[in-house]
Amino acid sequence: MSEILKIIKERRSIRRYKPDPIPKDILEKVIEAACWAPSYMDWQNWYYVVVGGEKKKKLFSYLEDSFKKIIECLEEDISEGVKKRTSFFLDVANDAPNIIAVFSDVDLTTTPEALFSVAASVENLLLTAHSLGLGACWVSSALYIAEDLSEFLGIADKELVGLITIGYPNEYPEPSPRKSGRVRWEGVDG
């Protein structure tokens with residue numbers, strides 16, 4: 001099996017991390033790979049904010065306070081499932097030594113194709129992280145507080161796409177079985 005196929009098949013969404021910090025040069029490799037993704041119209045519209053150390057602790061506290069306020073305000077309208085996922089996300093975000101905020105500098109409402117570029121970039125990031133012994137998980141819970149989070153990070157002209165928790169894995173989940181019937185072949189011989 002080729003090395004890239006092996007990495008693709010072994011990568012998992014990691015939600016438990018060791019407290020060990022990630023050296024900046026390793027994070028730079030992960031971000032560099034993300035920036036080499038294919039992009040719609042060559043816009044390269046992804047934008048990353050890599051957060052660690054004390055700033056990450058402040059970001060986590062901010063996320064925790066913000067989500068508590070949202071849940072309190074919408075208590076009757078939020079399902080137990082959303083509450084559980086939010087609580088789980090906060091546990092994951094607290095464990096991870098770094099959080100990477102992912103933005104698009106192209107408006108996704110008027111140009112939805114721009115999301116393809118960001119998604120390809122994030123996939124490069126996730127695969128590279130795994131190849132370097134890191135675990136990561138792309139989460140979208142933060143979209144509930146996108147404007148506030150963007151303000152906290154000092155980003156005024158970009159659209160939040162999600163957060164990525166990243167660190168050295170403290171778990172190795174088994175792969176989910178792949179669903180069958182997801183490919184149809186037309187006119188392909190052999």
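- Proximity of a side-chain donor or acceptor of E159 to a complementary backbone N or O of D105 within less than 3.5 Å is not detected.
- Residues L163 and A142 come closest through the heavy atom pair CD1-CB, 3.5 Å.
- Taking every heavy atom of both residues into account, A120 and P38 meet most closely at CB-O, 3.9 Å.
- For the atom pair D95 CG and I14 CD1, the distance stands at 12.0 Å (nearest 0.5 Å).
- Under a hydrophobic clustering in which Ile, Leu, Val, Met, Phe, Trp and Tyr are joined whenever their side-chain heavy atoms come within less than 4.5 Å, directly or via other members, L143 and V139 fall into the same cluster.
- Checking side-chain atoms of R11 against main-chain N and O of K9 turns up no donor-acceptor pair under 3.5 Å.
- Within the cation-pi definition used here (under 6.0 Å to the ring centroid, within 45° of the axis), K18 does not qualify as a partner of Y168.
- Using modelled atom types, no side-chain atom of S140 and backbone atom of G162 make a donor-acceptor pair closer than 3.5 Å.
- Hydrophobic clustering (side-chain heavy atoms under 4.5 Å, transitive across Ile, Leu, Val, Met, Phe, Trp, Tyr) keeps V161 apart from W36.
- Side-chain atoms of S176 and R178, non-hydrogen and from C-beta on, do get closer than 4.5 Å to each other.
- Using a 4.5 Å heavy-atom threshold, the side chains of V102 and I164 count as touching.
- With rounding to the nearest 0.5 angstrom, the CG atom of L125 is 5.0 Å from the CD1 atom of I31.
- At a threshold of 4.5 Å between non-hydrogen side-chain atoms, the residues S117 and W46 count as touching.
- To the nearest 0.5 Å, atom NZ of residue K158 and atom OH of residue Y48 are 13.5 Å apart.
- P173 and S13 make their closest contact through CG-O, 4.0 Å (heavy atoms, listed as atom of the first residue, atom of the second, distance).
- Side-chain atoms of N45 come within 3.5 Å of backbone atoms of A114 as a donor-acceptor pair (strictly under, hydrogens ignored).
- Remark: the backbone N or O of E113 is not paired with any side-chain donor or acceptor of T111 at under 3.5 angstrom.
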Validation: residues 149-157 side-chain donor-acceptor distances under 3.5 Å, sequence neighbours left out:
unit_1, atom_1, unit_2, atom_2, d
S150, OG, A146, O, 2.9

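- Between I99 and K56, the closest heavy-atom pair is CD1-CE, 4.0 Å.
- Using a cut-off of 4.0 Å between Lys/Arg side-chain N and Asp/Glu carboxylate O, R12 and E10 are scored as not salt-bridged.
- Using a 4.5 Å cut-off between side-chain heavy atoms of Ile, Leu, Val, Met, Phe, Trp and Tyr, with links allowed through other members, I166 and V122 fall into the same hydrophobic cluster.
- Listed by chain and residue number, L132 satisfy the side chain to side chain contact (heavy atoms under 4.5 Å, CB included) test with K29 (two or more places apart in sequence, or in another chain).
- Contact detail for L127 and I7: the closest heavy-atom pair is O-CG2, 3.6 Å.
- The closest donor-acceptor contact from the side chain of S131 to the backbone of T128 lies under 3.5 Å.
- Among all heavy-atom pairs drawn from P21 and P97, the shortest one is CA-CB, 4.3 Å.
- Tested against Y17 for a side-chain hydrogen bond (donor to acceptor under 3.5 Å, both in side chains), the candidates T165, N98, N170 yield a single pass: T165.
- The line from CG of D148 to CG of D65 is 11.5 Å long, rounded to the nearest 0.5 Å.
- Using a distance-only test at 3.5 Å, with no hydrogens or angles considered, a donor-acceptor pair links the side chain of S121 to the main chain of A34.
- Follow the hydrophobic side-chain contacts under 4.5 Å out from F103 and you never reach I100; the two are in separate clusters.
- In this structure, L160 CG and I145 CD1 are separated by 8.5 Å, a value rounded to the nearest 0.5 Å.
- Hydrophobic clustering places L126 together with L27 (ILVMFWY residues linked when any side-chain heavy atoms are closer than 4.5 Å, directly or through intermediates).
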